[in-house]
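Reviewing the structure listed below.
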Amino acid sequence: MLQEKVQAEGRPTPKYKVASESGPDHDKKFVIEVIVDSIVLGRGEGKSKSTAQQEAAKSALAKLKQ
């Protein structure tokens with residue numbers, strides 16, 4: 001949904017970056033940032049990169065709706 005929204009506005013595809021990762025290998029915690037136009041639109045946390053990406057996208061969508 002985030003990708004569709006930003007591309008509909010003529011902006012580039014969102015990029016996801018691992019901001020941090022912590023914890024032992026069997027219990028990692030990832031923090032992911034979603035970036036559009038060199039601006040961090042959202043951050044998300046999760047036990048997997050994909051979960052953290054989804055949370056970051058939700059955060060960015062909420063910010064864009066404001």
Side-chain angles (χ1 to χ4, degrees):
M1 288 173 58
L2 175 63
Q3 184 172 342
E4 290 174 5
K5 181 158 181 63
V6 297
Q7 287 182 331
E9 294 174 357
R11 298 166 84 179
T13 302
K15 303 227 182 307
Y16 294 89
K17 180 181 102 173
V18 177
S20 70
E21 104 182 39
S22 61
D25 285 342
H26 68 279
D27 192 24
K28 285 272 189 205
K29 175 183 161 191
F30 296 93
V31 177
I32 302 282
E33 295 176 336
V34 61
I35 301 164
V36 177
D37 285 333
S38 302
I39 300 168
V40 176
L41 284 183
R43 289 174 65 102
E45 296 181 8
K47 289 188 174 271
S48 70
K49 288 180 184 176
S50 62
T51 300
Q53 286 176 343
Q54 289 173 1
E55 292 301 316
K58 286 179 191 175
S59 171
L61 274 171
K63 187 180 279 189
L64 290 172
K65 288 181 181 178
Q66 293 177 348

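Values in this document were obtained by computation on a predicted structure and should not be read as measured data.
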For residues 36-48, please give each side-chain donor-acceptor pair under 3.5 Å, one per line with the distance, not counting sequence neighbours.
residue : atom : partner : partner atom : Å
D37     : OD2  : R11     : NE           : 3.2
R43     : NH1  : E33     : OE2          : 2.6
E45     : OE1  : K29     : NZ           : 3.4
K47     : NZ   : D27     : OD1          : 2.5
S48     : OG   : S50     : OG           : 3.3
S48     : OG   : T51     : N            : 3.1
S48     : OG   : T51     : OG1          : 2.9

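Closest of all the heavy-atom pairs between V6 and P12 is CG2-O, 3.7 Å.
A single hydrophobic cluster is not seen to contain both F30 and V34; linkage of ILVMFWY side chains at heavy-atom distances under 4.5 Å, directly or through other members, places them apart. One hydrophobic cluster, built from ILVMFWY side chains closer than 4.5 Å, holds both Y16 and V18.
At most 12 non-hydrogen atoms from other residues, nucleotides or ligands lie less than 6.0 angstrom from CD of E4.
Here the CD1 atom belonging to I35 is positioned 5.0 Å from the NZ atom belonging to K17, to the nearest 0.5 angstrom.
Looking at residues two or more places apart in sequence or on another chain, you find a side-chain hydrogen bond (donor to acceptor under 3.5 Å, both in side chains) between Q7 and T13.
Applying the salt bridge (charged side-chain N to carboxylate O under 4.0 Å, His left out) test to residues at least two apart or on different chains, the pairs with a partner in residues 49-66 are E55-K58.
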